[in-house]
There are 2 protein chains.
Amino acid sequence: MHISVYVMGLEHAILVSLAEKSASGYELTRRFGRSIGFFWEATHQQIYRTLARMTETGWVTYDVIEQPDRPDKKVYRISNGGQAELARWLAEPLERPADRDGLAVKIRGASLGDLPAVISEIERHRAMHAERLETYRTIEKRDFPDPAALSGRALHQYLVLRGGIRTEQGRLDWCDEALEALRADNSPDQADTNRRSE
Amino acid sequence: MHISVYVMGLEHAILVSLAEKSASGYELTRRFGRSIGFFWEATHQQIYRTLARMTETGWVTYDVIEQPDRPDKKVYRISNGGQAELARWLAEPLERPADRDGLAVKIRGASLGDLPAVISEIERHRAMHAERLETYRTIEKRDFPDPAALSGRALHQYLVLRGGIRTEQGRLDWCDEALEALRADNSPDQADTNRRSE
DNA sequence: CAGGACATGTAACAGGTTACATGATTAT
DNA sequence: ATAATCATGTAACCTGTTACATGTCCTG
């Protein structure tokens, strides 16, 4: 005997999104490419397949909307069953996600390959995090100029954005720490005369 | 026509580990349950299956070691091909891993369920991060008392640990920020006038 | 008329997860 | 005796990834 712990998947991210506003698969795909996608990524194939499964389960229903000028679309909305499932899942403890950090594996293995190549790779990651951080900062300034005044849904959105900002800033700082240490180690003290650049 | 980008997997984490020291599947499983497991988790089934595949590919070889007192074991070591593959992979850009943050989904959906339950969940996560952080800090003090003196492999290990510390501290701080804001919003100013929640 | 946005899918494959399975030795 | 550790696997399933596939309308 055994209690199967329900593993979070795309379903719940879709339920949250549909609870905020009904949408077609295509529209959901775009949401998962921007706002929601910043903390839960999914492709259109994944979304269509999952929507089909959720329709079977009864968590969502859809209406076919005929559009004279564009292709027909199925607009999905969350059902009562879906709302119940969402409430249930929100109250349930989340499993710890597996740690999988490819950059850490590379740094750990740096002495087994080409150290300058690993340094370049860290620089690349630093740039990606800086770019993403800037995106987040822009959204923060634009959409949440007065955080202290926020409440309810807007506050929740802001807090998620804050999580993204902290994550990106943290990774960026880590890259800087690693770069400084690895560069110093790569071209150690040539006495006082120097060139320890590269 | 199409260039298939090689996606990082467990193989490279195993190559790094075996390059440091040869090991049986069982020993690797234990490593992936502690040191390496802090940044790349894997179960024994995954490891055995992957070792079998890597043996076919020629990245590792093994010797059967007969032990009088214990079951026989296969001790795997990295081959020349494996070392070449590792060097190749280290120099190759890593794909950005998909963002998937279940806690963020919950916070984003907090207004659709039971807010106090979501707050409890954040408290749970805060505790998990605090515990993990303490583990890391202990290792840091025990194994790296003098970081400035590090170089080579020891430095790389230290930097990976620093990444873990930054990640856990960052998540912990985020939990604190979210808890403070959500608690204030959950039980708003009963002070002079009102409740402006919802 | 070509390319991009709109709109929805199928199929094959790779990888991770869970359950099941076996069997020895050592310590309590 | 019973559990823990040592040691290695198979099988089924689920999810994510990649490639392939189809068709409309609008804009330049």
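- For the pair A:Glu123/A:Leu179, a side-chain contact is recorded, criterion being any heavy-atom separation below 4.5 Å from C-beta on.
- At whole-Å resolution of the value, CD in B:Gln46 and P in D:dC14 are 18 Å apart.
- Sequence order on DNA chain D of the closest nucleotides to B:Ala98 and B:Arg30 puts B:Arg30 first from the 5' end.
- Side-chain contact between A:Thr29 and A:Gln45 is absent, with no heavy-atom pair separated by less than 4.5 Å.
- Rounded to an integer number of Å, the gap from CE of A:Met54 to C1' of D:dT15 is 15 Å.
- Counting only N and O atoms by type, the side chains of A:Arg30 and A:Tyr26 include no donor and acceptor under 3.5 Å apart.
- Salt bridge present: A:Glu121 and A:Arg124 bring a charged side-chain N and a carboxylate O closer than 4.0 Å.
- Toward the 5' end of DNA chain C, the nearer of the two residues B:Arg53 and B:Thr43, judged by each one's closest nucleotide, is B:Arg53.
- Here C:dT17 presents its P atom at 13 Å from CZ of B:Phe32, a figure rounded to the nearest Å.
- In this entry the distance linking CD of A:Glu66 with P of C:dT8 reads 13 Å, nearest Å.
- Rounded to a whole Å, the CG atom of B:Asp99 is 15 Å from the C1' atom of D:dG16.
- Regarding B:Glu41, its CD atom lies at a distance of 13 Å from the C1' atom of C:dT17, rounded to whole Å.
- There is a side-chain donor-acceptor pair under 3.5 Å between A:Glu85 and A:His12.
- A:Thr167 is not listed as a side-chain neighbour of A:Phe39, based on a closest heavy-atom distance of 4.5 Å or more.
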Below 3.5 Å between N/O atoms, which protein atoms pair up with nucleotides 8-13 of chain D? Just atom names and distances, please.
residue, atom, partner, partner atom, Å
D:dT8, OP1, B:Lys74, N, 2.9
D:dT8, OP2, B:Tyr26, N, 2.9
D:dT8, OP2, B:Tyr48, OH, 2.9
D:dT8, O5', B:Tyr48, OH, 3.4
D:dG9, OP1, B:Lys74, NZ, 2.6
D:dG9, OP2, B:Lys74, NZ, 3.3

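- Spacing between atom OH of A:Tyr62 and atom P of C:dT8 amounts to 11 Å, rounded to whole angstrom units.
- Note on ring orientation: taking the six-membered ring where Trp is involved, the planes of A:His129 and A:His125 are tilted (angle from 30° to 60°).
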Could you write out each protein N or O paired with an N or O of nucleotides 25-27 of chain D at a distance under 3.5 Å?
residue, atom, partner, partner atom, Å
D:dC25, O3', A:Asp69, O, 3.1

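- Put simply, CG on A:Asp63 is 17 Å from C1' on C:dA7, counting in whole angstrom units.
- Other residues, nucleotides and ligands contribute only 12 or fewer heavy atoms inside 6.0 Å of the CZ atom of A:Arg34.
- With sequence neighbours excluded, no residue forms a side chain to side chain contact (heavy atoms under 4.5 Å, CB included) with B:Glu131.
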